[in-house]
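The model shown is predicted, which means the values in this text are computed figures rather than measured ones. What you see below is based on every heavy atom in this structure, not just the backbone, and it leaves out hydrogens, waters and symmetry mates.
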Amino acid sequence: MTKAFDFLARLKQAVPSHIEPKFKTADELRAWHDEQGLIASAQIAETIKQARIRTVMGRSSIQKLYENCTLDNYNAETEGQRNALTKAKPLTS
């Protein structure tokens, strides 16, 4: 344990006085690590979600032309299409 303290003491002497450490306590460092872990977890979850969407879209036989179509940009031309659209919209929200 004294070797670690000796190293820290030597490190403090070597660092210029205008340089401030990002973390002053172990708790601050731990909190930062926890925050970074949550950020990384969210990124991984989003990557997995996107991969699943690509897999489903690949199996769905939906042509590339129609991949970005939504009910919001669907142009209902007949009364039957408008009726189906009004019934379908609540199911997708």
Side-chain angles (χ1 to χ4, degrees):
M1 196 69 157
T2 56
K3 288 183 182 182
F5 288 124
D6 292 340
F7 172 74
L8 290 175
R10 284 183 294 158
L11 184 63
K12 284 182 182 177
Q13 290 174 352
V15 173
S17 61
H18 67 280
I19 302 293
E20 286 291 321
K22 187 170 184 175
F23 311 107
K24 296 188 190 278
T25 65
D27 290 334
E28 289 176 1
L29 177 62
R30 216 172 284 118
W32 180 80
H33 274 287
D34 292 344
E35 179 184 331
Q36 294 302 308
L38 291 174
I39 292 170
S41 295
Q43 290 172 342
I44 291 168
E46 184 62 28
T47 302
I48 291 169
K49 179 181 173 185
Q50 292 297 325
R52 286 182 181 155
I53 289 171
R54 281 193 302 275
T55 301
V56 168
M57 290 300 285
R59 288 190 214 149
S60 69
S61 301
I62 296 174
Q63 296 177 7
K64 294 241 183 246
L65 175 66
Y66 303 113
E67 281 183 359
N68 294 322
C69 292
T70 65
L71 292 177
D72 293 330
N73 62 16
Y74 178 73
N75 185 16
E77 297 175 356
T78 67
E79 186 59 37
Q81 290 173 344
R82 283 189 282 277
N83 187 24
L85 183 60
T86 57
K87 290 181 179 177
K89 277 190 176 183
L91 299 175
T92 60
S93 45

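By the criterion of side-chain heavy atoms lying less than 4.5 angstrom apart, applied directly or through intervening Ile, Leu, Val, Met, Phe, Trp or Tyr residues, Leu71 is not grouped with Leu91; the two fall into different hydrophobic clusters. Residue Ile53 is grouped with residue Leu65 when hydrophobic side chains (ILVMFWY) are merged at heavy-atom distances under 4.5 angstrom, including chains of intermediate members.
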*asked:* side-chain contact (heavy atoms from CB on, under 4.5 Å), that's the test. Do Glu79 and Arg82 meet it? Break it down for me.
replied: CA-CA 5 Å; Glu79 186 59 37; Arg82 283 189 282 277; 3.6 Å; yes
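Distance check: Thr55 OG1 to Arg59 CZ gives 6.0 Å after rounding to the nearest 0.5 Å. Residue Gln43 holds its CD atom at 7.5 Å from CD1 of Ile39, rounded to the nearest 0.5 Å. Atom NZ of Lys64 is separated from atom CE of Met57 by 8.0 Å, given to the nearest 0.5 angstrom. Between atom OH of residue Tyr74 and atom NZ of residue Lys89 there is a gap of 11.5 Å, rounded to the nearest 0.5 Å. Note that CD of Gln36 and CG of Asp34 are 10.0 Å apart. Values are rounded to the nearest 0.5 Å.
In the displayed structure, Asn73 atom CG is contacted under 6.0 Å by more than 12 heavy atoms of other residues, nucleotides or ligands.
Partner of Glu20 under the side-chain contact (heavy atoms from CB on, under 4.5 Å) criterion, out of Lys22, His18, Lys24: Lys24 alone.
Across every non-hydrogen atom of Asn75 and Gln81, the tightest pair is O-OE1, 4.3 Å.
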